[in-house]
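Proteins get letters first, then strands, A, B, ... in listed order; numbering begins at 1 in each.
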Number of protein chains: 2
Amino acid sequence: MRRNTTQRTAIEQVFSQHERPLGVDEVLTYGRKLVESLNQATVYRNLKILIDDGWLKRIFHPSLGALYERTGKGHHHHFYCHECHRVFEIPGCALREDEAAPDGFVVEDHEIFLFGVCPSCAG
Amino acid sequence: MRRNTTQRTAIEQVFSQHERPLGVDEVLTYGRKLVESLNQATVYRNLKILIDDGWLKRIFHPSLGALYERTGKGHHHHFYCHECHRVFEIPGCALREDEAAPDGFVVEDHEIFLFGVCPSCAG
DNA sequence: GAGGAAATGAAAATTGTTGGCAAAAGTAAA
DNA sequence: TTTACTTTTGCCAACAATTTTCATTTCCTC
Ligand SMILES: [Zn+2]
Ligand SMILES: [Zn+2]
Ligand SMILES: [Zn+2]
Ligand SMILES: [Zn+2]
């Protein structure tokens with residue numbers, strides 16, 4: 001049976017405190033402010049657990065690699081600014097899902113990554 | 001100044017011969033049929049060069065990791081069937097690009113991964 | 001051809017992630 | 001509570017993927 005641990009609680013708090021996709025290193029850094037002894041392997045183990053639980057979701061960024069974000073925040077997508085290298089969450093969806101794939105394909109989910117320049121970098 | 005090498009030419013040929021996203025290991029395997037001595041580091045180096053040149057594009061597969069595919073094949077996206085674990089190229093685009101991000105964001109490119117069941121698995 | 005810069009191959013070094021194990025901590029029954 | 005049991009942790013070794021180092025080879029220009 002699954003036990004509650006201060007480590008996993010801390011990791012959950014990290015995601016609650018930062019409302020954006022986080023990398024493993026960020027989870028570790030922020031998590032250590034809550035539980036000083038927090039270990040990297042523990043972070044990996046718990047990220048996996050939280051994904052299995054459906055509490056987290058893993059997304060892939062073309063250059064940043066794996067990022068983790070909370071589920072249940074409503075359908076949204078991501079924008080990567082190649083100037084400041086930040087990932088933004090973009091609410092809503094501009095995909096015409098019914099036209100997304102040819103007949104016969106059953107589309108159950110989709111992931112969209114936008115690339116460009118964010119408002120503050122665009123000046 | 002950039003020089004033409006038999007190795008890079010071989011790598012380009014590999015992509016021309018296989019019209020689908022390829023992993024590093026596949027590029028190495030197929031490439032060695034053209035240049036026996038082809039080295040893994042050379043593959044990595046040239047994949048990077050070809051991406052910088054805009055000749056290749058890197059995409060991330062949720063479980064296979066990084067894949068490389070030719071650019072200039074027309075705008076398209078990818079579909080991952082969670083039954084047979086195959087990646088399909090989906091021609092065309094169903095994204096309303098003008099509505100994809102809030103005002104201020106300059107969208108220059110986007111990547112879409114569809115998930116679901118392919119026609120042959122859907123029966 | 002000769003000279004010089006760039007690219008390659010081989011291996012070491014990094015980086016990212018997972019696995020083993022003894023010790024620590026959570027849970028439930030006594 | 002305390003005890004007994006099991007999960008989870010921290011540390012570290014083991015992997016895997018990718019990058020770097022460096023001596024040697026190859027390409028290109030003269
Ligand atoms: Zn920016
Ligand atoms: Zn959407
Ligand atoms: Zn299928
Ligand atoms: Zn598109």
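Contacts between residues 38-47 of chain A and DNA chain D, defined by a heavy-atom separation under 4.0 Å, are made by Leu38(A), Asn39(A), Ala41(A), Thr42(A), Arg45(A), Asn46(A). Less than 4.0 Å separates DNA chain D from at least one heavy atom of each of the following residues of residues 7-17 of chain A: Gln7(A), Arg8(A).
Distance Glu36(B) CD to dG9(C) C1': 14 Å, rounded to the nearest Å. Distance, Leu34(B) CG to dT8(C) P: 15 Å, rounded to whole Å. In this structure, CD1 of Ile49(A) is placed 13 Å from P of dT18(C), rounded to the nearest angstrom. Between the C1' atom of dA17(D) and the CZ atom of Arg58(B) lies a distance of 11 Å, rounded to the nearest Å.
OP1 or OP2 of dT19(D) has at least one side-chain nitrogen or oxygen of Lys48(B) nearer than 4.0 Å.
Residue Val117(B) belongs to a hydrophobic cluster whose other members are Val106(A), with links defined by side-chain heavy atoms closer than 4.5 Å.
We find the CZ-OG distance between Phe88(A) and Ser120(A) to be 5.5 Å, quoted to the nearest 0.5 Å. Note that CZ of Arg45(A) is 11.0 Å distant from CZ of Arg8(A), once rounded to the nearest 0.5 Å. Atom CH2 of Trp55(B) and atom CZ of Phe15(B) lie 7.0 Å apart (nearest 0.5 Å). Rounding to the nearest 0.5 Å places OG1 of Thr29(A) at 9.5 Å from CG of Leu38(A).
When all heavy atoms are compared, the tightest approach of Pro119(A) to Asp103(B) is CG-O, 4.4 Å.
By the side chain to side chain donor-acceptor pair (under 3.5 Å) test, Glu99(A) pairs with Arg96(A), sequence neighbours left out. Contacts of His76(A) classified as ring pair (Phe, Tyr, Trp, His ring centres under 6.0 Å), with partners at least two apart in sequence or in another chain: His78(A).
Between the side chains of His77(B) and His110(B), a donor-acceptor pair is found at a separation under 3.5 Å.
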Protein within reach of the bases, or only the backbone? For nucleotides 22-30 of chain C, mark each nucleotide 5' to 3' as B, S or -, using heavy atoms under 4.0 Å. ---BBS---
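No side-chain heavy atom of Gln7(A) sits less than 4.5 Å from a side-chain heavy atom of Glu12(A).
Environment of CD in Glu108(B): crowded, with over 12 heavy atoms of neighbouring residues, nucleotides or ligands closer than 6.0 Å.
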